[in-house]
Novice: 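Here you go, one structure.
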Amino acid sequence: MNRKDLADLIFPDVKGADYYEKIYPPRNLPEGAQVVRVAPSPTGFIHVGGIFQGLIAKKIADQTGGVFFVRIEDTDQKRKIENGVEEILGAYKDYDLYPNETVGKGDYGPYIQSERKDIYQSYAKKMIEDGIAYPCFCSPEELEQIRENQTKAQERTGYYGKWAKCRNMPVDMAIEKIKNGDPYIIRFKSPGNPDKKIKHKDVIKGNIDMPENDQDIVIIKSDGLPTYHFAHVVDDHLMGTTLVTRSDEWIASIPLHLQLFYVMGFKTPKYAHTAPLEKAEDGSRRKLSKRKDPEAAVSYYTTEGIPKEALKEYLMNIANSNFELWRKQNPDKDMMKDFDFQINKMGVSRSFI
Ligand code: GLU
C-alpha cells in the first residue's frame with residue numbers, strides 16, 4: 001500500500017486537480033490588471049470595514065482594468081446565518097460597489113466556499129499523494145494532552161514537529177485505522193523550520209520578516225469542509241487573484257499562507273494588509289468594536305441618514321490622505337472614476353473613523 005492508495009481510500013470520488021486547472025484557466029487580462037477580492041464571512045454583521053475593503057478593492061480593479069470579486073467564506077458553518085450572503089451583497093449594491101464577479105455572476109465560481117467542497121478535496125487528495133498532507137487520528141483529549149505537555153515543557157503549543165503524533169504514521173497503519181472506522185481529519189505536513197525566517201514584502205506594511213511556519217494545520221475538517229487557511233489558498237489560485245487586500249489581523253498567518261502557496265506550486269498573490277479602523281476615545285485609541293461602537297455597523301449610517309457618498313468619501317480620505325486636497329481642487333469630479341488611488345500610500349498602523 002502506498003500514499004496513492006491512502007488518498008484513494010479517503011477521497012474515492014473526487015476529480016483530479018488537473019481537471020480544475022483546466023476549467024479555471026489563467027485569466028486573460030492586460031498587463032498590470034489586478035484581480036482583487038474581498039472575502040467576507042456571512043455572519044450577519046456588516047462592518048463598515050467591509051465597505052472600506054470593497055471600496056479599495058474596486059478602486060484598484062477599476063483603475064488597472066482588472067476584476068473585483070467577492071467570495072463568501074462560509075466554511076465555519078456554526079457562525080453562518082440565514083440571509084448572510086444577501087446582506088453582504090446588498091450592502092455592496094447599496095454603496096455602488098457591486099463586484100464584477102460574485103455569487104451567480106462570473107466564470108470562476110462557485111463564489112461560496114461551502115459549494116466548493118469537491119474542489120478542496122481534490123487538492124487535499126493530491127497533497128496526500130505527494131506526501132504533504134496526512135490523516136490525523138488524534139482525539140480532542142489527545143490534543144489537550146499534547147498541549148498540557150508542551151506547556152509543562154515550556155514549549156510552543158500546537159501540532160508540529162515531534163509533537164505531531166500522526167505526522168509519520170506508516171501508510172498501512174493509517175489505511176487500517178480508516179478501514180476500522182476511526183475518526184480523522186486531514187493535516188498539512190509543514191516543511192517549515194521556525195529557526196529560519198521568511199522575507200515578505202507587504203504592499204502597505206513593507207518588509208516583514210517572520211519565523212517560518214511549522215504547524216501542521218488542519219486543512220480538511222471532520223465535516224469534509226476545508227479550513228479557511230487552506231480554502232483561501234486554493235481559491236485565490238484558481239480564481240486568479242493577484243492582490244489580496246484584507247485587514248492586518250491576518251498578518252500573523254502570512255508564513256503559513258505563503259508556505260501553502262509554495263508547496264502547492266501556486267503563484268503567490270501580493271498581499272496588502274490594511275490597518276484597522278480605529279476610534280479615538282478619552283485620549284486613547286482603539287479598534288472599532290462591533291460590540292461597543294454602533295458606528296461599526298454599516299446599518300448605523302443608513303439609520304442616521306448619512307448619505308452613502310459621504311461615507312465613501314470619508315473612507316477614501318482615510319485610505320489616502322492626499323484625497324482631501326484632490327477633492328478641494330476637484331469638487332465636482334467622481335472619485336471612483338477620476339481620483340488616482342494609491343494603495344501603497346495607505347497608513348501602516350492606523351486609520352481613524
Ligand atoms: N474570511 C476572512 C474574514 O472574514 C477573510 C480573510 C481574507 O481576506 O483572506 O475575515
Side-chain angles (χ1 to χ4, degrees), residues 34-58 60-61 67-81 84-89 91-92 97 99 101-103 108-117 120 188 200 202-205 208 210 213 217-219 221 225-261 264 266-277 287-291 296-298 343 346 351:
Q34 301 288 336
V35 180
V36 200
R37 56 48 162 202
V38 175
S41 299
T43 54
F45 182 86
I46 316 289
H47 196 285
V48 64
I51 298 296
F52 187 56
Q53 295 293 346
L55 179 67
I56 296 166
K58 180 169 166 55
I60 299 166
V67 176
F68 162 44
F69 74 87
V70 172
R71 180 173 69 230
I72 304 293
E73 302 206 325
D74 63 345
T75 54
D76 187 351
Q77 297 278 304
K78 285 190 265 2
R79 289 177 61 219
K80 183 174 172 173
I81 64 136
V85 177
E86 290 76 8
E87 283 186 28
I88 290 169
L89 296 180
Y92 284 124
L97 296 172
E101 296 173 11
T102 191
V103 182
Y108 288 80
Y111 294 87
I112 299 188
Q113 288 185 329
S114 58
E115 294 176 10
R116 300 171 63 81
K117 197 167 167 174
Y120 307 122
F188 166 49
H200 170 67
D202 188 88
V203 175
I204 298 173
K205 312 264 178 191
I208 300 175
M210 280 191 273
N213 170 67
I217 60 131
V218 177
I219 57 170
K221 300 179 286 185
L225 281 171
T227 51
Y228 154 73
H229 297 296
F230 180 55
H232 107 280
V233 169
V234 172
D235 290 344
D236 282 330
H237 163 66
L238 289 177
M239 295 176 175
T241 306
T242 62
L243 177 67
V244 172
T245 52
R246 63 182 182 189
S247 125
D248 65 6
E249 66 193 301
W250 292 104
I251 279 207
S253 302
I254 273 291
L256 167 64
H257 294 172
L258 296 180
Q259 191 177 57
L260 281 168
F261 273 98
M264 295 179 78
F266 300 159
K267 188 164 186 265
T268 319
K270 287 203 164 76
Y271 282 88
H273 286 97
T274 60
L277 296 175
K287 199 170 146 182
L288 206 57
S289 150
K290 181 168 148 176
R291 256 183 325 110
V298 171
I343 190 157
M346 284 184 74
S351 323

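When a ligand or atom number is given, it counts from 1 through the structure's own listing order.
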Novice: Compute the shortest N/O to N/O distance between T245 and ligand 1 and return yes if it is under 3.5 Å, no if not.
Specialist: no
Novice: Mind checking whether E73 has an N or O less than 3.5 Å away from an N or O of ligand 1?
Specialist: yes
Novice: For atom 7 (C) of ligand 1, grab the closest protein heavy atom and report residue, atom and distance to one decimal in Å.
Specialist: Y228 OH, 3.2 Å
Novice: Is it true that, when you exclude K221 itself, more than 12 heavy atoms of the residues, nucleotides or ligands shown sit nearer than 6.0 Å to its NZ?
Specialist: yes
Novice: Could you tell me the residue and atom name of the protein heavy atom closest to atom 4 (O) of ligand 1, and the distance to it rounded to 0.1 Å?
Specialist: S41 OG, 3.3 Å
Novice: Quick one: OG1 on T75 to CZ on F230, what's the gap to the nearest 0.5 Å?
Specialist: 11.5 Å
Novice: Does ligand 1 have any atom that is closer than 4.0 Å to a heavy atom of E249?
Specialist: no
Novice: With a 4.5 Å cut-off on side-chain heavy atoms, are Y111 and I72 touching?
Specialist: no
Novice: Between H232 and Y228 (judged by ring centroids, cut-off 6.0 Å), do the two rings come close enough to count as a pair?
Specialist: yes
Novice: Nearest 0.5 Å, please: how far is CD in Q113 from CG in L225?
Specialist: 9.5 Å
Novice: Start with the C-alpha distance between T245 and L243, add both sets of side-chain angles, then the distance that settles side-chain contact (heavy atoms from CB on, under 4.5 Å), and finish with yes or no.
Specialist: CA-CA 6 Å; T245 52; L243 177 67; 4.1 Å; yes
Novice: Any N or O on A39 sitting closer than 3.5 Å to an N or O of ligand 1?
Specialist: yes
Novice: Starting from atom 8 (O) of ligand 1, what is the nearest protein heavy atom, named by residue and atom, and what distance separates them?
Specialist: R37 NH1, 2.6 Å
